[in-house]
Amino acid sequence: MPRTRKPRVFVDADVLFAGAASPTEHGASLVVLRMAEITLVEALASEQVIAEAERNLADKLPQALPTFRLIVSRSLRVVPDPEPDDLKPHEGLADPEDLPILVAALREGCRWLVTFNVRHYRPGHPDLTVLRPGELVQRVRDQLAYLAAEEEE
């Protein structure tokens with residue numbers, strides 16, 4: 001059986017916040033992070049994303065910080081932020097504040113960028129699909145069902 005590379009998913013700060021603050025194990029943000037923890041997908045986040053999520057949790061929900069740190073250590077590969085010069089060729093593809101996140105996702109070869117703020121990444125880049133956590137969970141479910149059906153044939 002040929003070995004395939006796991007899908008790379010870039011996770012935005014709002015998804016990390018929602019995952020760490022999730023009151024149940026069934027929220028889509030936490031499910032995305034759990035898929036990464038069990039190595040179904042490879043999840044990445046930039047230093048900017050980690051700092052933003054941590055700052056927002058410290059301000060709004062400090063009791064969730066230990067959960068957040070555990071999730072980061074178990075589920076994510078943290079990558080450096082892009083350099084300012086790396087952003088220039090991509091100007092206009094996302095809101096200026098979020099452009100470093102889009103560029104980091106592209107640089108790391110991510111297929112998907114998971115965020116609740118989909119509109120911040122418009123018009124986007126053709127090599128990167130920006131979607132909400134629930135949409136990613138559904139795509140992974142669909143792909144697993146497809147693989148199971150192929151195996152039965």
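Model, not experiment: these values are computed from the prediction.
- With rounding to the nearest 0.5 Å, the separation of CG in Leu106 from CD1 in Ile101 is 12.0 Å.
- In this structure, a donor-acceptor pair under 3.5 Å is absent between the side chains of Tyr121 and Asp95.
- Heavy atoms only, all atoms of each residue included: Gln48 and Asp81 are closest at N-OD1, 2.8 Å.
- Of all the heavy atoms in Leu61 and Ala21, the pair that sits closest is CD2-CB, 3.3 Å.
- Residue pairs meeting the side-chain hydrogen bond (donor to acceptor under 3.5 Å, both in side chains) criterion with at least one partner in residues 13-25, sequence neighbours excluded, are Asp14-Thr115, Asp14-Asn117, Glu25-Arg34.
- Under the 4.0 Å criterion applied to side-chain N and carboxylate O atoms, Lys6 and Glu42 are not assigned as salt-bridge partners.
- Remark: Glu52 CD to Ser46 OG distance equals 9.0 Å, nearest 0.5 Å.
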key: Intermediate values then yes/no, side-chain contact (heavy atoms from CB on, under 4.5 Å), Asp98 and Leu102   = CA-CA 7 Å; Asp98 293 310; Leu102 181 130; over 6 Å; no

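- Closest approach of Leu76 to Ala45, counting heavy atoms only: CD1-CB, 4.1 Å.
- Panel note: side chain Ser75, backbone Leu33; a donor-acceptor pair is recorded below 3.5 Å.
- A salt bridge (charged side-chain N to carboxylate O under 4.0 Å, His left out) check over residues 125-143, counting only residues at least two apart or in different chains, returns nothing.
- Of all the heavy atoms in Gly134 and Ala28, the pair that sits closest is N-CB, 3.5 Å.
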| task | Please report the C-alpha distance between Glu97 and His120 in whole Å, then the side-chain angles of each, then the deciding distance to 0.1 Å, and finally whether the side-chain contact (heavy atoms from CB on, under 4.5 Å) criterion is met. | result | CA-CA 9 Å; Glu97 190 176 293; His120 292 190; over 6 Å; no

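- Considering Val72, Leu44, Val49 in turn, Val72 is the only one that fulfils the side chain to side chain contact (heavy atoms under 4.5 Å, CB included) rule with Val78.
- Linking ILVMFWY residues whenever their side-chain heavy atoms come closer than 4.5 Å, directly or via other members, places Leu144 and Ile38 in the same cluster.
- Considering every non-hydrogen atom in both Leu99 and Leu87, the closest pair reads CD2-O, 3.8 Å.
- When the shell of 6.0 Å around CZ of Arg74 is examined, it contains 12 or fewer heavy atoms from other residues, nucleotides or ligands.
- The backbone N or O of Ala53 lies less than 3.5 Å from no partner atom in the side chain of Asn56, so there is not a single donor-acceptor pair.
- Counting only heavy atoms from C-beta outward, the side chains of Glu54 and Leu65 approach each other to under 4.5 Å.
- With values rounded to the nearest 0.5 angstrom, Thr67 atom OG1 is found 9.5 Å from Leu30 atom CG.
- Leu113 and Ala105 get closest at one heavy-atom pair: CD1-CB, 4.2 Å.
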For a side-chain contact (heavy atoms from CB on, under 4.5 Å) check, start with the C-alpha distance between Ser29 and Phe116, then their side-chain angles and the critical distance, and finish with the verdict.
CA-CA 10 Å; Ser29 295; Phe116 288 101; 3.3 Å; yes

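- The line from CD1 of Ile50 to CZ of Arg69 is 11.0 Å long, rounded to the nearest 0.5 Å.
- Environment of CD in Gln63: crowded, with over 12 heavy atoms of neighbouring residues, nucleotides or ligands closer than 6.0 Å.
- Two residues are said to be in side-chain contact when any heavy atoms from C-beta on lie closer than 4.5 Å; Cys110 and Val9 fail this criterion.
- Interatomic distance, CG of Leu131 versus CH2 of Trp112, reported as 7.5 Å (0.5 Å rounding).
- Side chains of Val137 and Met35 form a contact here, defined as non-hydrogen atoms less than 4.5 Å apart.
- Side-chain N or O atoms of Arg8 include none that pairs as donor or acceptor with a backbone N or O of Val41 at under 3.5 Å.
- Neither Val15 nor Leu70 shares a network with the other; the hydrophobic side chains, linked directly or stepwise wherever heavy atoms of I, L, V, M, F, W or Y lie under 4.5 Å apart, form separate groups for each.
- Other residues, nucleotides and ligands contribute more than 12 heavy atoms inside 6.0 Å of the CD atom of Glu47.
- Side chain of Asp12 to backbone of Val114: no donor-acceptor contact under 3.5 angstrom is found.
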